Amino acid sequence: MTHYEDAKREYEQLGIDPEKAMEKLAQTPVSMHCWQGDDVIGFDGSDSLSGGIQTTGNYPGKARTPEELMQDIEKVLSLVPGKMKLNLHASYAMKEDDRDRDELKPEDFQPWIDFALKHDMGLDFNPTIFSHPKAEGLTLSSADPETAEFWIHHVQACIRISEEMARQTGQKVVMNIWIPDGLKDVPGSRLAPRKRFKQALDKILSMDYDRDLVKVALESKVFGIGMESYTVGSAEMTFGYAIKNNLTPLMDNGHYHPTEVVSDKISAALLLADDLALHITRPVRWDSDHVVLFDDETREIAREIVRCNPELDRVYLATDFFDASINRIVAWTVGLRNVQKALLYALLQPNDRLEKLQDENRFSELMVLQEELKTLPFEEIWREYCRRNDVDGSMGWLEDVLTYENDVLSARK
Ligand code: RNT
Ligand code: ZN
């Protein structure tokens, strides 16, 4: 009898079917963010990051060209089990001329679409409303009509690009709008920029696009570096706008006050919205975008996703972290494996039983069972899942990355 079969029996005694869990996980895409590989720089001319977000560290070997980034993504894909999508930012356009972001076209992403097709992946997309001369102050909420107009055109161009990506890949594209707009110090008006943001969104959405192909999402944020006192796209602003306009709210778990948790928000969101997009990250004291770990909150987020949407079809999962202080392939791989791990863990919970214990006020039993669940032989199921996906289930993959660092990354100066 293998370790897996022993473990499986233990789960079965609790009424949980590990085979079903693995099957479900294999059908659930996780969208891999492209920006861990080059510290969120992109290929459209910017050489530093703005918008109140920050990478720290100077680990050698970052991708300098689209080809290098693709090569690195391929490496990561070979080390992570499960179904993936690729999440691109508009700043990763591959174009020869100097058209600005308001004039981007689907062709500028054809090599990425081909890359996705080659790897049997869907795509997700993001307008890049930072790291640009027109993003030094407010963007979509700017009081300068020309600036606001520029970004409106950029987002509309991104909707067209997303449509084309969806057509070619045959999979829906989640296109997420995040603006860095905010103020360092006490606002003179909180209302005026939000009003302009709302008008800009209305204008963007007045265009015709295929809502079956493109899911427009709106991401909130509580503060950024240099925007400590106010953000235009606060939680209420974006969630409310999304619900009212049939968009998809997006929650990034780094974007709330430190004692708030996204795991507690998922049930409410899924009761009120048709669907929900998530950016999975790890905030350490602030929105620091550390690599996702297999920690309590990541597991709790996954448990809520599974409990509130057992079909897993109304939640779009994406990663969003960027650590430049360690090997970037390691960062990506650890974070993505941990998202997969947390989902598998969540799919192995006796949710009906937990709910029943709660409803019957049997709180002692509820506590004991939840504690017991933490130490079931989960590792054996994870290893089996990895085995079936031809990836290393323990830490053997690290050797592989260190060889890659030696052979490939160290040659990038
Ligand atoms: C920033 C947001 C946003 C970005 C990416 C690069 O705080 O989380 O999602 O991280 O778009
Ligand atoms: Zn995010």
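Indexing begins at 1, ligand by ligand and atom by atom, following the structure's order. All of these numbers come straight from a predicted model, not from anything done at the bench.
The proximity of Asp287 to ligand 1, defined as any non-hydrogen pair under 4.0 Å, is limited to the side chain. Neither the backbone nor the side chain of His33 comes within 4.0 Å of ligand 1, counting heavy atoms alone.
Take His132 and apply the ring pair (Phe, Tyr, Trp, His ring centres under 6.0 Å) test, not counting sequence neighbours, and it matches Phe150, Trp151. Residues that satisfy the side-chain hydrogen bond (donor to acceptor under 3.5 Å, both in side chains) test with Asn351, not counting sequence neighbours, are Arg307. Under the rule for a side chain to side chain contact (heavy atoms under 4.5 Å, CB included), Ala157 has no partner lying at least two apart in sequence or in another chain.
With hydrogens and angles left out, the side-chain atoms of Ser263 and Glu297 include a donor and acceptor closer than 3.5 Å. There is no side-chain donor-acceptor pair under 3.5 Å between His255 and Ser220. Using modelled atom types, one finds a donor on one side chain and an acceptor on the other under 3.5 Å when comparing Gln168 with Glu164. Side-chain atoms of Asp202 and Tyr241 include a donor-acceptor pair closer than 3.5 Å. Of the N and O atoms on the side chains of Asp38 and Tyr92, at least one donor lies less than 3.5 Å from an acceptor on the other residue.
Compare Glu219, His89, Gln54 by their heavy atoms: the one nearest to atom 9 (O) of ligand 1 is in Glu219.
For the pairing with Asp72, the salt bridge (Lys or Arg N to Asp or Glu O under 4.0 Å) check across Arg64, Lys62, Arg412, Arg328 returns one residue only, Arg412.
Given atom 10 (O) of ligand 1, the protein heavy atom at minimum distance is Asp320 OD2, 2.8 Å. For atom 7 (O) of ligand 1, the closest non-hydrogen atom of the protein is Lys221 NZ, 2.6 Å.
A 6.0 Å sphere centred on CG of Asp295 holds more than 12 heavy atoms belonging to other residues, nucleotides or ligands.
Within the structure, ligand 1 has Ile53 among the residues with a heavy atom less than 4.0 angstrom away.
Between Asn176 and ligand 1, not a single N/O pair is under 3.5 Å apart.
Listed by atom number, the atoms of ligand 1 under 4.0 Å from Asp252 heavy atoms are 8 (O). Using a 4.0 Å cut-off to heavy atoms of His255, the atoms of ligand 1 that qualify are 1 (C), 2 (C), 7 (O), 8 (O). Less than 4.0 angstrom separates some heavy atom of Phe322 from each of these atoms of ligand 1: 10 (O). Those atoms of ligand 1 that come under 4.0 Å of a heavy atom in His279, given as number and element, are 9 (O).
Arg388 has a carboxylate O that lies under 4.0 Å from a charged side-chain N of Glu19, or vice versa, which qualifies the two as a salt bridge.
Listed by chain and number, the protein atoms of type N/O/S under 2.8 Å from the Zn ion (ligand 2) are Glu219 OE2, Asp252 OD2, His279 ND1, Asp320 OD2; waters are omitted.
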